Amino acid sequence: MSFFKEVADIVQTYWPMILRGTGITIVLSITGTLIGAVIGLLAGVIKTIPLPPKKNHFKRFFLQLVNVLIQIYVEVFRGTPMIVQAMVIYYGTALLFDVHLNKFFAGLLIVSINTGAYMSEIVRGGIVSIDKGQFEGAHAIGMTHWQTMRCVVIPQVIRNILPATGNEFIINIKDTSVLSVISVTELFFQSKSIAGNNFMYFQTFFVTCAIYLVLTFSITRLLRWFEKKLDGPKNYTIHIEEKKEA
Amino acid sequence: MSRIIDVKHLSKSFGNHDVLTDIDFSVDKGEVVCIIGSSGSGKSTLLRCINLLETPDGGEIIYKDENILDHKMNIAAYRAKMGMVFQQFNLFNNMNVLNNCEVGQIEVLKRSKSEAKEIAMKYLETVGMSQFINAKPAQLSGGQKQRVAIARALSMEPDALLFDEPTSALDPEMVGEVLKVMKSLAKTGLTMLVVTHEMSFAQEVANRVVFMDSGVIVEQGTPQEIFGNPQHQRTKEFLKRI
């Protein structure tokens, strides 16, 4: 029984710290996932622009250059651990450019560009999986590439990549804990401080564990609900024209 | 009669396979032209070249005294004037029936939302689908989808409507409902260019029938000429099997 009493004591004593940590974790993962999704959408859309014909040298070269840059970005940020990226970016900017980033913003930056790298591949896959007929249908009524993307393709891609984006979101809730290496005061960092204070490591991290689980579980439910909402009603209503008197 | 499009010496190949060779072909305003021929004869490719869904390798397509293959031309504006109906319907899956018919008008023709709705409703009425404006494409049958696709193309009020085997993906009952719509459209004087395997439709509705084989136009003429008295051996062989 004394275990649960200790846990309750920890919550009672340190709740402001725990709450602040949880808040920062939520804000970091939500904003990071959203910004990452936007980066991913942009990168994914650019990567699927058809190459202009050979005649158009400049445009062709420019597009290829941008594609190579995106590919380098994806490979670097997918290919290295986020915890290392955090160190390199935070201390690197300080050393090389003499810029001392705000810790929270450094954390947000790292989560965003990391998520963006993953999302760009998810989006590319989502666009490739859209039936060619959707593009042709749009082109045939005179839509440009951007109009086709905005009105027809992207809405379908967003629906299709929602489960994968939810995955990224949940990964971010957990992985923002690595930002504690640059002292971002998210949930894990706060827990470590508390445990360092009271020396009750197990009891403290038991609370932390429960909070992470509640967060990820509620996000999962929320996303399912959102998916269903996007799908719209299963049935449709017959439209009956009201007869107007002449 | 005024010309809508004039195709001159058009050629197209996929890799080293010549799909179209030196095609000369034109469509006048108000004409209903049916293109027939066996699969792989290049008839769909010709239609797709006319709407630039495939880029021709050579030749000219003259529309309003200008060659649209000239790369300075505004392709999107031209396509808006050439309606297209596909074998696989290609309705936008993320929109309901009404939005499918509105989006091109709003985005491409810059019509107002209310004007677009009015015009969309008019043409959905024409194809008998005005009851279903709230339905998503996935909730419709093949024949219904194709009729919506026709309404979508009509809503752009194009100079001509191109049909690429519009009934080939449908069961016999649905073929009937789509052909009925197409027949009534033909009567309104709409310029139509139809790639089809429906010989009775061609015989009944077309002003001119074009027979294609191996990427060339073998012969063309009135339905009576082509079906009643074909001149070429290949045409005779093809029509014998029907």
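Throughout, protein chains are lettered first and strands after them, A, B, ... in sequence-line order, and every chain is numbered starting at 1. Heavy atoms only: backbone and side chains are in, while hydrogens, waters and symmetry mates are out. Here the structure is a predicted model, which is why all the values come from computation and not from measurement.
- A donor-acceptor pair under 3.5 Å is formed between the side chain of B:Gln144 and the backbone N or O of B:Ser141.
- Contact tally against chain A (heavy-atom pairs below 4.5 Å) for B:Gln139, B:Met84, B:Met156: the top residue is B:Gln139.
- Heavy atoms of B:Gln88 lying under 4.5 Å from chain A are absent altogether.
- Under the 3.5 Å distance criterion, the side-chain polar atoms of B:Gln105 are matched with a main-chain donor or acceptor of B:Ala116.
- Of all heavy-atom pairs between A:Ile141 and B:Gly104, the closest is CD1-CA, 3.6 Å.
- Looking at B:Asn51, the atoms closer than 4.5 Å to chain A (heavy atoms on both sides) all sit in the side chain, from C-beta outward.
- Sorted by first and then second residue, the side-chain hydrogen bond (donor to acceptor under 3.5 Å, both in side chains) pairs involving residues 154-166 of chain B (not counting sequence neighbours) are B:Ser44-B:Asp164, B:Tyr63-B:Asp159, B:Arg111-B:Glu157, B:Tyr123-B:Glu157, B:Glu165-B:Ser168.
- Within the 4.5 angstrom heavy-atom criterion, no atom of B:Leu109 approaches chain A.
- A:Lys47 and A:Glu121 are joined by a salt bridge, as a carboxylate oxygen and a charged side-chain nitrogen come within less than 4.0 angstrom of each other.
- For A:Arg159, no part lies near chain B; criterion is any non-hydrogen pair under 4.5 Å.
- Interface remark: of the candidates B:Ala153, B:Ala149, B:Pro158, B:Ala135, B:Ala135 forms the most heavy-atom pairs closer than 4.5 Å to chain A.
- At a threshold of 4.0 Å, the pair B:Lys117-B:Glu102 does not count as salt-bridged, since none of the basic side-chain nitrogens sits closer than that to a carboxylate oxygen.
- Residue B:Phe86 touches chain A through its side chain alone, counting heavy-atom pairs closer than 4.5 Å.
- Using a 4.5 Å cut-off between heavy atoms, B:Met82 contacts chain A through its backbone alone, with no side-chain atom that close.
- Annotation for B:Leu10 and B:Cys49: closest pair CD2-CB, 3.9 Å, computed over non-hydrogen atoms.
- For a residue to count as touching a neighbouring chain, one of its non-hydrogen atoms must lie under 4.5 Å from one of that chain's; by this rule A:Gln147 touches chain B with the side chain only.
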